Amino acid sequence: MSETFIGMPAFPPPAHAVFPPPTHAAFSPSDLPAFPEAAREAVHNATLRGNLRHATHTIRAKRARAVAELSDWDRLREAGRVIKDHTLRHLDRYLVQLEESVTAAGGTVHWAADADEANRIVTELVKATGESEVVKVKSMATQEIGLNEALQAEGIRAYETDLAELIVQLGRDRPSHILVPAIHRNRGEIRDIFREEMGRWGRPAPEGLTDTPAELAEAARLHLREKFLRAKVGISGANFMVAETGTLVVVESEGNGRMCLTLPETLISVVGIEKTVPSWQDLEVFLQTLPRSSTAERMNPYTSMWTGTTDEDGPTAFHLVLLDNGRTDTLADQVGRQALRCIRCSACLNVCPVYERAGGHAYGSVYPGPIGAILSPQLRGTGSEIDASLPYASSLCGACYEVCPVAIDIPEVLVHLRERVVQGGPAVRQGNKVVLRPAKGHAAERVAMRAARWAFSHPGALRTGQRLASRTRRLHPRTLPGPGRAWSATRDLPALPAEPFRDWWQRTKGGKDGAE
């Protein structure tokens, strides 16, 4: 045990901890507004935009410097893409190998088809220990399935131990960033949350707490220490799972993960099936690209690896819950499946102009930003307003693709999903082939696209239309009528030239006569 804890007493549960701890509101797609509506409100929040602008610009500048240190970054990026694509093509084989390896090492593997099944499995495992509280490592998968809320409904208190997740939980908030869930909060807001909320369910914040980072971190450390030493059950996710050995990997920067993974008697890990990699050699690539793309570090301060159980070292019981929850449906889409390469680095969020202005809550998912705009509509389907609108939450500038360490072509998938929303068509849902209906509200877009297709297929009509548009350009309105207002409300209509390009080309012979 670290010398930090020498002489510390075993903490009994404080009297005020008998009440369930605060938990953030779960993302329920059916209850959330479409992205344009949510973003419209967010962009008018000056504090939010200031917090996001400062944080994202700082992180992406540091990332650029860290990546520039590697002369073979492009080759590492390509290697990551190839490894992920290979694994996804043979995921059935590698998952069976993973289960065999984990079981041989003393662990128990559980398969969860959806969020309800995963929550039921974890809840029953915790109840079997007789415990009523757990400590958690930061985990996107458990947020995705709403595990904290499911545990609370059964009288089990789940304590987040990552600093940013703690801020979100104490503030009864929702995460807004993959790497920094409380990125939308500034230091003053965090200080106020600690002062007002810490004492309600654990050790209170120190008297006179200020907003200096060192004091805030110390307040969180003291608050969490009693929970680390008392908890008998830990819950985690994993960044990677190595099929050949059954090893799970968690990378983090604070050390809270190390405490949750080693001190409890029972460890339960909920991990998406796409986090599998075949071998240790494959893991080497991602341990170089992930830290540089996420925290702009050469390596993570804490890289924890565990393989099953070991006598007198770490948890005595280990359970791995392999989560599908829409992943095999996504895998069936030849274009959209590349979203499953994601290693959750958040680099795409930090360069996205839309995320910077709208913030993470507007995406209505634990996966915000560009990756969320392509992942959530595939995991959850496009039946809700929020999921049908997410493929449009992008300017298609391509900055997300340029920084992705596994080369996910996010713009390509966005356009693919937009087509699905507007046109409908074949898809896979819950393992079954279905034909999706077009989403509501896109009739005008379908008519416009069909008209454009007809025009481009008939050069004579296209030429006539271009000439007519040029000759009547002085009469054109500044904004579009009807459904077109949604486009022109935030954009200037481009000015039409005095003559179409084809007429200019014929008149000047392609500019050879010097005419302009």
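We're numbering straight along the sequence, starting at 1. Here the structure is a predicted model, which is why all the values come from computation and not from measurement.
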Requested in this report: Please identify each residue that fulfils salt bridge (Lys or Arg N to Asp or Glu O under 4.0 Å) with Arg337, with sequence neighbours left out.
Outcome: none
Query raised in the report: Taking only residues two or more places apart in sequence, or in another chain, which ones meet Tyr392 in a ring pair (Phe, Tyr, Trp, His ring centres under 6.0 Å)?
Result: His442
**Report entry** Residue pairs fulfilling salt bridge (charged side-chain N to carboxylate O under 4.0 Å, His left out) with at least one residue in residues 265-274, sequence neighbours excluded
**Finding:** Lys232-Glu265, Glu274-Arg327, Glu274-Arg344
Query raised in the report: Who passes ring pair (Phe, Tyr, Trp, His ring centres under 6.0 Å) against Phe501, sequence neighbours left out?
Result: Trp504, Trp505
Query - salt bridge (charged side-chain N to carboxylate O under 4.0 Å, His left out) pairs, two or more places apart, involving residues 382-397 - result: Arg380-Asp387
Report task. Could you pull out all residues at least two apart from Thr161 that satisfy side chain to side chain contact (heavy atoms under 4.5 Å, CB included)? Result -> Val135, Leu224, Phe228, Asn256, Cys260
**Report entry** Residues forming a side chain to side chain contact (heavy atoms under 4.5 Å, CB included) with Arg75, sequence neighbours excluded
**Finding:** Asp72
Requested in this report: Using the test side chain to side chain contact (heavy atoms under 4.5 Å, CB included), find all partners of Trp280 that sit at least two apart in sequence or belong to another chain.
Outcome: Val242, Glu244, Thr245, Thr247, Leu283, Met305
Query - Inter- and intrachain pairs under salt bridge (charged side-chain N to carboxylate O under 4.0 Å, His left out), touching residues 356-370, at least two apart - result: Arg60-Glu356
Query - Pair listing, ring pair (Phe, Tyr, Trp, His ring centres under 6.0 Å) test, anchored in residues 120-140, at least two apart - result: none
Report task. Keeping to residues at least two apart or across chains, list the ring pair (Phe, Tyr, Trp, His ring centres under 6.0 Å) pairs with something in residues 413-437. Result -> none
Distance-only donor-acceptor pairs under 3.5 Å for side chains of residues 368-377, two or more places apart:
from   : atom 1 : to     : atom 2 : distance (Å)
Ser376 : OG     : Ser365 : OG     : 2.7
Ser376 : OG     : Gly372 : O      : 3.3

